[in-house]
Protein chains: 2
Amino acid sequence: MAEEIGDRAQHLLKVLVESYIRSGQPVGSRALARDSGLDVSAATVRNAMADLEELGMVSSPHTSAGRVPTNRGYRMFVDSLLTVKPLSEREIITLSGQLGVDGSNQELATSVSDYLAGMTEMAGMVMIPRTAKRSSLRHIEFMPLSGRRILAILVINEKDVQNTVIKVDRQYTSAELQQAANFLNNELAGHELFDVRHRILKELRETKDGMEQMMHQAISMAEQLFVKPESEADSDDFVLSGQTRLMGFDELSNIEKLRGLFEAFNEKQQILQLLDRCLDGDGVQIFIGEESGYGVLDECSMVTSSYQVDGEVLGILGVIGPTRMAYERVIPIVDITAKMVSAALAQSK
Amino acid sequence: MAEEIGDRAQHLLKVLVESYIRSGQPVGSRALARDSGLDVSAATVRNAMADLEELGMVSSPHTSAGRVPTNRGYRMFVDSLLTVKPLSEREIITLSGQLGVDGSNQELATSVSDYLAGMTEMAGMVMIPRTAKRSSLRHIEFMPLSGRRILAILVINEKDVQNTVIKVDRQYTSAELQQAANFLNNELAGHELFDVRHRILKELRETKDGMEQMMHQAISMAEQLFVKPESEADSDDFVLSGQTRLMGFDELSNIEKLRGLFEAFNEKQQILQLLDRCLDGDGVQIFIGEESGYGVLDECSMVTSSYQVDGEVLGILGVIGPTRMAYERVIPIVDITAKMVSAALAQSK
DNA sequence: TTTAGCACTCGCAATCTTAGAGTGCTAAAC
DNA sequence: GTTTAGCACTCTAAGATTGCGAGTGCTAAA
């Protein structure tokens with residue numbers, strides 16, 4: 001069935017997609033023949049179109065409209081036909097100017113997301129997996145609350161603070177908690193989170209007996225802090241900005257669709273699962289339409305890239321926009337942004 | 001000009017608004033005569049409508065449509081014509097069930113906002129002024145960062161944590177910072193924020209000389225933490241939920257309007273300024289259409305109420321929806337919610 | 001394999017029509 | 001003076017009709 005696509009058909013597909021991305025209008029055979037640069041007639045183009053249609057690369061909205069690329073057509077386009085424009089010097093400079101290295105990861109993520117949204121005129125996003133492997137524990141602090149609850153404050157890396165309320169078996173005094181925190185800081189501070197988790201589990205196993213009561217309790221508190229979150233592989237930090245720009249696109253003028261999309265943004269869950277899938281991949285990755293498996297992303301594409309330090313993936317960033325987007329511009333933007341974020345993080349280390 | 005409105009005209013306005021809120025359709029004279037309960041003919045109603053139109057209470061979309069209330073008409077309606085339905089027992093129980101007292105204020109706000117959104121099928125919002133008067137400082141902690149920066153962690157009230165990065169004149173060691181924190185905790189912990197600010201300024205004035213170097217520095221750090229934020233009367237905590245529900249209303253099916261609205265939600269600034277204005281008011285307050293002065297709220301109304309403890313206003317909560325909303329239902333919901341939140345907060349004190 | 005020619009299909013926009021709803025006004029009735 | 005009935009008038013929303021333009025698919029010839 002899936003026959004080989006001839007060189008000419010490929011070229012025509014490329015020109016068609018480019019034209020459609022530019023104008024948003026179905027492309028007819030006459031116009032395509034003209035723009036293709038090839039010296040062929042419209043009729044020949046029509047034959048090629050018939051082939052492409054059979055292969056599911058293009059389709060007509062109706063009998064006498066031109067052709068429009070299908071998701072599969074877009075896929076072929078970005079995979080093997082696209083010619084990427086490098087970014088201009090100026091644009092790169094703008095970005096590097098925006099990347100302040102101080103401020104928390106949160107702030108960095110926000111500014112990067114804004115930048116992506118601004119440059120592409122679409123929605124930008126940045127994910128920081130909370131359990132980023134490179135994170136190391138800096139400091140633990142406990143504070144008693146009313147009724148058997150304790151406020152735990154974790155300082156992670158340089159400047160990220162996390163606080164959690166944990167429940168314990170009885171009331172503790174400030175002094176006791178201080179002692180527990182000291183103990184844990186001694187044991188755990190400076191180690192990577194991954195490591196911390198390990199140590200806690202190990203200690204738990206080893207200390208069934210003959211250990212000071214206090215340590216025992218301290219470790220069980222730490223367990224609540226570090227071990228549970230792993231199983232709830234839930235909310236990573238996730239910044240999304242410029243969503244409202246998506247309301248400007250015709251293909252999303254259907255309110256129902258838009259609503260679904262914004263609900264998905266609010267949920268975060270779905271989007272995050274999707275982004276998780278990108279964590280392994282290298283370089284820029286693209287989801288076209290509902291390839292992602294999420295109906296709400298029907299008319300949308302995501303262009304993402306991971307950013308990393310020392311070859312280790314720290315997170316994902318990218319943009320969301322209509323399927324009909326200027327890939328040849330968006331892809332290098334996402335690519336470069338990811339690289340510059342990687343560089344900035346490496347430097348601030 | 002603004003002549004007195006007759007009793008009958010008032011009654012007719014009331015019935016008209018109710019009918020319009022129910023159906024969303026302009027109300028004609030015949031239907032209004034029928035529904036009014038009055039024993040008058042359509043012609044009489046027409047005369048009354050002509051009067052109301054002259055007073056700016058109603059208007060016709062076009063010559064041969066019925067009448068629609070204007071903002072002014074709505075205003076009159078909610079101010080003096082509305083009969084409020086009390087909430088059913090069941091609904092109140094649902095709410096009190098949802099109000100968990102544990103968890104941070106953030107979490108409380110989120111759950112209240114969700115509740116409002118769910119009950120009214122519109123968008124819910126809760127504001128917690130960051131500088132809430134009743135807040136008292138619990139604990140301060142410093143941690144050195146690279147390059148003359150210090151991470152400050154404030155625990156406020158029971159369970160709210162705030163962290164800020166401050167810049168200082170030189171590097172400090174952990175020990176020095178510990179000392180400074182101890183000093184500040186001794187001086188300030190347990191006091192209300194308002195008080196804290198006062199004390200810092202006082203100390204600053206008094207300690208020009210003859211004070212230990214260290215205290216001096218500690219106080220100037222504290223100044224950065226507590227005094228500056230007051231001038232930037234910027235971001236209070238603000239939770240908004242169920243925005244996407246607004247996309248379901250016909251009057252907001254205009255994408256441009258919707259976009260403006262959602263951009264305002266993202267900015268927060270504008271909405272917050274608006275809510276600030278409610279802080280003084282007592283009980284339920286209502287903004288109809290662009291009464292607020294913000295064009296983006298054109299076809300929307302806000303129903304808000306403050307919540308308080310010991311007679312002191314802590315924040316604002318409410319809902320946003322289309323001007324054409326079921327006020328007689330929404331108002332008691334907002335009212336009761338505010339009261340229950342107030343009660344819950346008083347109890348958790 | 002490519003091309004020209006031609007009949008055919010379809011959507012879109014403009015125009016017209018009709019039905020229905022509701023008004024404003026006037027003159028009579030209470 | 002207020003209320004009512006009657007009537008002409010206006011306006012919209014929803015179909016129906018039309019013509020145009022764009023583009024296709026097919027066939028037969030180059």
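Per chain, numbering begins at 1; letters A, B, ... match sequence-line order. Computed over heavy atoms, backbone and side chain alike; hydrogens, waters and symmetry mates excluded.
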Check your understanding: Taking B/Met125 as the fixed residue, which of B/Leu116, B/Leu275, B/Val319 is the one that meets the side chain to side chain contact (heavy atoms under 4.5 Å, CB included) rule?
Key -> B/Leu275
Review point. Would you call the rings of A/Tyr74 and A/Tyr20 parallel, tilted or perpendicular if under 30° counts as parallel and over 60° as perpendicular?
Key: tilted
**Study point:** For B/Arg46, all residues meeting side chain to side chain donor-acceptor pair (under 3.5 Å), sequence neighbours excluded
**Key:** B/Ser29
Exercise for review: Mind checking which stems touch DNA chain D? I mean at least 3 consecutive Watson-Crick or G-U pairs, both distances under 3.5 Å.
Suggested key: C:1-30 with D:1-30
Point to revise | Spacing between B/Asp51 atom CG and D/dT2 atom P, to the nearest angstrom | key: 11 Å
Practice item. May I have the distance from B/Asp7 (atom CG) to D/dT2 (atom C1'), rounded to whole angstrom? Key: 16 Å
Exercise for review: Specify the separation, in whole Å, of atom CE of A/Met49 and atom C1' of D/dT24.
Suggested key: 13 Å
**Study point:** Contact state string [nucleotides 2-19 of chain C, B base, S sugar-phosphate only, - no protein heavy atom under 4.0 Å]
**Key:** SBBB---BBS--------
Review point. Does a donor on one side chain and an acceptor on the other come within less than 3.5 Å for B/Asn71 and B/Glu290?
Key: yes
Practice item. Could you tell me the separation between the CE atom of A/Met57 and the CZ atom of A/Arg72, rounded to the nearest 0.5 Å? Key: 5.0 Å
Check your understanding: For DNA chain D, what residues of residues 14-30 of chain A have any heavy atom nearer than 4.0 Å?
Key -> A/Gly28, A/Ser29
Check your understanding: Does one side chain, of A/Asp114 or A/Ser241, offer a donor that lies under 3.5 Å from an acceptor on the other?
Key -> yes
Point to revise | Length of the line joining B/Arg67:CZ and D/dC11:C1', which is rounded to integer Å | key: 14 Å
**Study point:** Main-chain N/O of A/Val40 paired to A/Thr44 side chain as donor or acceptor, under 3.5 Å
**Key:** no
Review point. Quick one: salt bridge (charged side-chain N to carboxylate O under 4.0 Å, His left out) partners of B/Arg259, sequence neighbours excluded?
Key: B/Glu263
Exercise for review: Please state how far atom CZ in A/Arg34 lies from atom C1' in D/dG23, giving the value in whole angstrom units.
Suggested key: 14 Å
Check your understanding: Among pairs that include at least one residue of residues 30-43 of chain B, which meet salt bridge (charged side-chain N to carboxylate O under 4.0 Å, His left out), considering only residues two or more places apart or in two chains?
Key -> none
Check your understanding: Picking from A/Asp276, A/Thr304, A/Leu317, A/Val239, what satisfies side chain to side chain contact (heavy atoms under 4.5 Å, CB included) with A/Met127?
Key -> A/Asp276
Check your understanding: What is the ring orientation for A/Phe77 with A/Tyr327, classed by angle as parallel under 30°, tilted 30 to 60°, or perpendicular over 60°?
Key -> perpendicular
Review point. Please give, in whole Å, the distance from D/dT2 P to B/Leu38 CG?
Key: 16 Å
